[in-house]
Amino acid sequence: DEQTGQLTKKCTMEPGQTVNRMHADRERRLIYAVDGAQNLKGLPAGGGHVFVYKIVNREGHLEKIQEKRTIAANPFFFETSPDRKTAAAACHGGKSAVTRLVKKEDGSYGEEIVYDDGCVELFELREDGTIGELVFADIHKGSGPSDRQYSAHPHCCRYTHDGRFVVCCDTGNDTVQ
């Protein structure tokens with residue numbers, strides 16, 4: 001309520017949707033909701049989705065206009081560029097690990113523990129604000145000194161004010177890239 005400042009629930013997005021972060025495009029009246037759920041409608045592996053909702057009236061009702069899958073696991077943050085032509089998603093990667101058989105230089109065999117890649121995915125944005133094709137991905141590597149920092153973990157990505165660069169903090173390898 002604009003007079004009292006009281007918040008009133010108007011609608012919900014989707015039952016079972018796990019929204020990590022949301023980003024609003026005020027001019028286009030869109031909300032981008034990042035869902036890092038690992039259940040990809042029957043697919044055997046990770047990933048996630050960015051849902052695009054149109055704010056359809058003054059009361060704030062939402063209409064889902066797109067569900068775009070990210071390739072990397074567990075998208076956590078999403079932002080559109082200042083010119084609204086691209087968008088970046090920071091994808092945490094996952095805690096799931098696999099043991100891979102590797103052949104060592106001496107000819108013997110060993111194992112390597114591999115985690116999901118953390119990365120920043122860059123998408124084109126269409127005129128209507130829906131998300132187009134993946135045009136670039138920056139895969140992060142490395143780990144940090146803590147036991148919790150087992151792999152790269154892009155946490156947030158932001159465009160610089162001029163839109164020329166995307167800056168990402170990675171809480172898994174303690175870097176800003």
Worksheet item: With ILVMFWY side chains joined below 4.5 Å, transitively, what does Phe76's cluster contain besides itself?
Response: none
Discussion item. Distance alone, cut at 3.5 Å: any donor-acceptor contact between the side chains of Thr130 and Arg126?
Written reply: yes
Fill in: Shared-cluster residues of Val56, by chain and number - hydrophobic side chains joined below 4.5 Å
none
Fill in: Set of salt bridge (Lys or Arg N to Asp or Glu O under 4.0 Å) partners for Arg26, sequence neighbours left out
none
Worksheet item: Is there side-chain contact between Leu30 and Ile65, with at least one heavy-atom pair below 4.5 Å?
Response: yes
Worksheet item: What are the two closest heavy atoms between Val52 and Gly129, and how far apart are they?
Response: CG1-O, 4.5 Å
Worksheet entry | Non-neighbouring partners of Glu27 that pass side chain to side chain contact (heavy atoms under 4.5 Å, CB included), sequence neighbours left out | Asp25, Arg84
Worksheet item: Do the side chain of Thr160 and the main chain of Phe165 share a donor and acceptor less than 3.5 angstrom apart?
Response: yes
Discussion item. Donor-acceptor check, side chain of Lys54 to backbone of Arg29, threshold 3.5 angstrom: yes or no?
Written reply: no
Discussion item. For the backbone of Ile131 and the side chain of Gln66, can you confirm whether one donor and one acceptor N or O come within less than 3.5 Å of each other?
Written reply: yes
Discussion item. A side-chain contact here means heavy atoms from C-beta on lying under 4.5 Å apart; do Arg28 and Leu125 qualify?
Written reply: yes
Worksheet item: By salt bridge (Lys or Arg N to Asp or Glu O under 4.0 Å), which residues pair with Glu133, not counting sequence neighbours?
Response: none
Practice prompt. Would you check if the side chain of Glu121 reaches a backbone N or O of Cys91 as a donor-acceptor pair within less than 3.5 Å?
Written response: no
Worksheet item: When clusters are formed from ILVMFWY side-chain contacts under 4.5 Å, directly or step by step, what else is grouped with Val120?
Response: Leu122, Val135, Phe136, Tyr159, Val166
Worksheet item: Would a distance-only check, ignoring hydrogens and angles, find a side-chain to backbone donor-acceptor pair under 3.5 Å from Ser81 to Thr86?
Response: yes
Discussion item. Once side-chain hydrogen bond (donor to acceptor under 3.5 Å, both in side chains) is applied, do any residues pair with Ser108, and if so which ones, sequence neighbours excluded?
Written reply: Asp106
Worksheet entry | Contacts of type side chain to side chain contact (heavy atoms under 4.5 Å, CB included), residue Lys103, not counting sequence neighbours | Tyr109
Item to complete: Only counting residues at least two apart or in another chain, list the ones meeting side chain to side chain contact (heavy atoms under 4.5 Å, CB included) with Gln3.
Response: Asp1
Discussion item. If the condition is ring-ring contact (aromatic ring centres under 6.0 Å, His included), which residues does Phe77 pass it with, not counting sequence neighbours?
Written reply: none
Worksheet entry | Partner residues of Glu79 under the side-chain hydrogen bond (donor to acceptor under 3.5 Å, both in side chains) criterion, sequence neighbours left out | Arg158
Worksheet item: Of all residues at least two apart in sequence or in a different chain, which pass the side chain to side chain contact (heavy atoms under 4.5 Å, CB included) check with Leu62?
Response: Cys11, Met13, Ile31, Tyr53, Ile55
